[in-house]
Amino acid sequence: MDKKIFIEPIFLKNPITVLVLGICSALAVTTKLEPAIVMALSVTIVTGFSSFIISLIRNTIPNRIRIIVQLVVVAMLVILVDQILQAYAYEVSKQLSVFVGLIITNCIIMGRIEAYALGNKPIPSLVDGLANGFGYGLILVALAFVRELFGSGTLYGIQVIPLSWYSVNGGFYENNGFMILPPAALILVGLIIWIQRSFTKELIEK
Amino acid sequence: MQDLVNLFVKSIFVENMVFAYFLGMCSFLAVSKSVKTATGLGIAVIFVLVVTLPVNYLIYKYVLTAGALAWLDPSFADLDLNFLSFIIFIAVVASIVQLVEMIVEKFSPSLYNSLGIFLPLIAVNCAILGGSLFMQERGYETLGQATTYALGSGIGWALAIVSLAAIREKLKYSNIPAPLRGLGITFIVVGLMGIAFMSFMGIKL
Amino acid sequence: MDTNKNLYTIVYSTILVVVVAVILALASYLLKDRQQRNVAIETKMMILKSVNLAKDASKADDKPTYIEQEYSKYITDSSITEGNKTFPLYICRLENQDKYYIVKLHGAGLWGPIWGYISFKSDLSTIYGAVFAHKGETPGLGAEISTDHFSGQFIDKTIFEGENFVSVLVVKGGGAKGNHEVDAISGGTITSKAVEAMLKSCIGDYLNFFKANLNKATAPLYDSTMVNPSDSTMLINQIDTTKN
């Protein structure tokens with residue numbers, strides 16, 4: 001199988017920083033690493049399996065109700081993910097709140113189905129979906145890493161910045177509360193794009 | 001009445017769909033290059049939100065929520081169809097968007113042409129589904145509240161996209177570092193707009 | 001096959017809907033118990049925290065079981081009747097026979113609901129512990145109400161001044177003094193005030209019960225065998241006497 005299917009979506013065709021897909025539901029969950037990782041996993045699973053299922057039934061779908069059929073399959077997978085999270089990862093599912101449901105409208109999923117799964121065999125579609133989900137998750141986790149480290153001084157809930165550094169304890173350090181707020185996520189994505197495009201000139205817009 | 005006004009103002013400025021929850025970002029970034037198309041999409045979003053949210057509210061209240069079906073038959077009282085809410089909401093949204101698309105195509109071909117492929121994309125615009133999910137999550141109690149919330153958040157979204165489009169029209173003439181051009185600077189501008197909108201947070205409602 | 005025929009489309013969508021519905025109903029049915037248990041555990045965890053128990057729950061190997069064990073060991077579910085409404089009242093009995101009364105709180109914060117539990121010593125005026133939670137308050141500001149730092153301030157405050165209900169006030173600017181005041185969160189004043197309002201209104205529901213039993217620490221009122229109905233209109237329902 002062509003390795004490009006897997007590698008491209010992670011860097012050169014990253015869904016967030018290059019294709020501008022799927023930013024909607026995700027940035028809000030990047031204040032902490034844990035919800036970001038769970039969200040990234042959920043999206044990867046949903047993207048992979050929805051591409052797989054749609055590709056399996058691609059020749060039977062009546063063209064007129066194509067979009068609805070796709071939405072139903074995606075929504076079904078998202079509900080399954082949501083139910084499983086509620087049962088086995090209750091704390092995280094509470095933090096994700098409505099954003100699990102919003103995976104349905106994550107443009108990456110519909111985008112990959114339309115652009116790839118409808119015209120390709122199931123297994124490559126599965127790989128394509130997983131890779132796109134993974135490329136997306138990578139950005140989420142990177143964002144969450146920065147935001148949690150500087151915003152809360154922790155990583156995955158574990159205190160990383162020594163407590164004695166904080167000014168309340170006589171040190172010199174304060175958490176940067178701005179990192180936790182929504183605008184910080186947007187500005188960080190902007191910076192990531194900047195860095196990425198400095199290295200890959202072909203992505204620069206005119 | 002007063003709480004409706006509060007909710008209205010809050011959903012436009014304080015809990016702005018874009019700046020506070022990043023909802024509807026895809027089309028927000030893609031269609032904000034010119035004020036004209038941005039206005040069209042903004043109006044479409046307001047319209048679709050105002051139509052879908054009350055419908056979803058009624059469905060949620062009388063069909064989906066725990067014990068909601070008791071009005072049909074008391075024996076349904078312990079039925080909880082909440083797990084179906086995502087799928088029902090998205091189905092309602094998709095069909096209403098289809099309807100709007102047909103109406104716009106018939107009555108305003110120019111608007112239809114300029115919005116191009118983004119009208120069907122409203123179906124997968126997170127702002128629309130997000131509105132319904134927030135309605136469910138926050139438990140708005142009356143049809144009035146749900147509609148007000150829909151109108152407010154729709155106007156908030158439209159306001160955000162039109163102002164971003166206006167900024168981007170000016171941005172074309174600025175000297176921006178090459179790798180930051182286009183998408184990169186747009187994200188940063190949206191971030192800065194978000195900071196500006198955060199100043200509404202202090203408003204006591 | 002022609003996939004554009006009307007009949008085909010209708011049959012196709014019917015099959016799709018049935019298949020999806022069956023899968024989802026099955027998943028919901030299989031996972032329901034676990035989900036409800038999670039919700040119950042969370043409530044129990046908060047109740048235990050409000051009486052300063054279950055502090056090392058996060059270290060326990062099997063947290064849900066640990067919480068359930070601790071809960072059934074110390075807490076009795078009960079309720080009081082006020083008019084024709086019933087309000088929950090949880091009673092905690094420690095090994096040393098100390099009794100605490102836990103009241104459920106719920107109110108509206110700046111962005112969404114806030115809730116919590118507060119426990120009183122048996123004089124029904126001194127606060128023994130409190131715990132607050134919120135749905136969507138601003139991180140770093142209003143969201144701080146759920147920290148121990150904020151809720152810890154409530155310990156040993158009193159809600160009665162003599163016979164008068166004064167609740168606990170949340171004051172701005174770090175000038176809290178006396179037995180009825182705690183400091184607001186700087187920058188989170190609206191949420192802090194919401195906590196104050198929540199305390200006032202929720203404890204208010206229990207006011208008759210509190211007043212009737214105020215400072216009767218030694219009164220054996222809470223053993224159902226000894227309740228004298230004429231003593232107070234506020235009786236505790238369904239006391240489990242086996243937990244004495």
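Everything numeric here is computed off the predicted structure, so don't read it as measured data. Chain naming here is simple, since letters A, B, ... match the order of the sequence lines and numbering starts at 1 in each.
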Report the C-alpha distance between A:Leu191 and B:Ile188 in whole Å, list the side-chain angles of each, state the deciding distance to 0.1 Å, and finish with yes or no for side chain to side chain contact (heavy atoms under 4.5 Å, CB included). CA-CA 8 Å; A:Leu191 296 179; B:Ile188 292 175; 4.2 Å; yes

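- Taking each heavy atom of B:Gly191 and A:Pro183 in turn, the nearest pair found is O-CB, 3.2 Å.
- From A:Asp82, atom CG reaches atom CZ of B:Phe83 across 12.0 Å, with rounding to the nearest 0.5 Å.
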Does B:Ile195 form a side chain to side chain contact (heavy atoms under 4.5 Å, CB included) with A:Phe178? I'd like the steps, not just the answer. CA-CA 9 Å; B:Ile195 297 176; A:Phe178 175 66; 3.6 Å; yes

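- In the displayed structure, A:Tyr173 atom OH is contacted under 6.0 Å by more than 12 heavy atoms of other residues, nucleotides or ligands.
- For A:Tyr116, the OH atom counts as densely surrounded, since its 6.0 Å shell holds more than 12 non-hydrogen atoms of other residues, nucleotides or ligands.
- For the residue pair B:Arg181 and A:Arg197, the shortest heavy atom distance occurs at O-NH1, 3.7 Å.
- Minimum interatomic distance between A:Met76 and B:Ile87 (heavy atoms only, all atoms of both residues): N-CD1, 4.1 Å.
- Here the closest non-hydrogen pair linking A:Gly190 and B:Leu180 is O-CD1, 3.9 Å.
- If you take CD1 on B:Ile90 and CD1 on A:Ile68, they are separated by 9.0 Å, rounding to the nearest 0.5 Å.
- Every residue meeting the salt bridge (Lys or Arg N to Asp or Glu O under 4.0 Å) condition with A:Glu114, not counting sequence neighbours, appears here in chain and number order: A:Arg66.
- Annotation: maximal heavy-atom pairing with chain A below 4.5 Å, among B:Val190, B:Thr186, B:Leu133, B:Leu192, occurs at B:Leu133.
- If you measure heavy-atom distances from A:Ala184 to chain B, you find no contacts under 4.5 Å at all.
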Donor-acceptor contacts under 3.5 Å from residues 159-167 of chain B side chains, at least two apart:
residue, atom, partner, partner atom, Å
B:Ser163, OG, B:Leu159, O, 2.5
B:Ser163, OG, B:Ala160, O, 3.2

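- Shown here for B:Phe19 and A:Pro182, the closest heavy-atom pair between the two residues is O-CB, 3.2 Å.
- Distance check: A:Ile104 CD1 to B:Phe86 CZ gives 6.0 Å after rounding to the nearest 0.5 Å.
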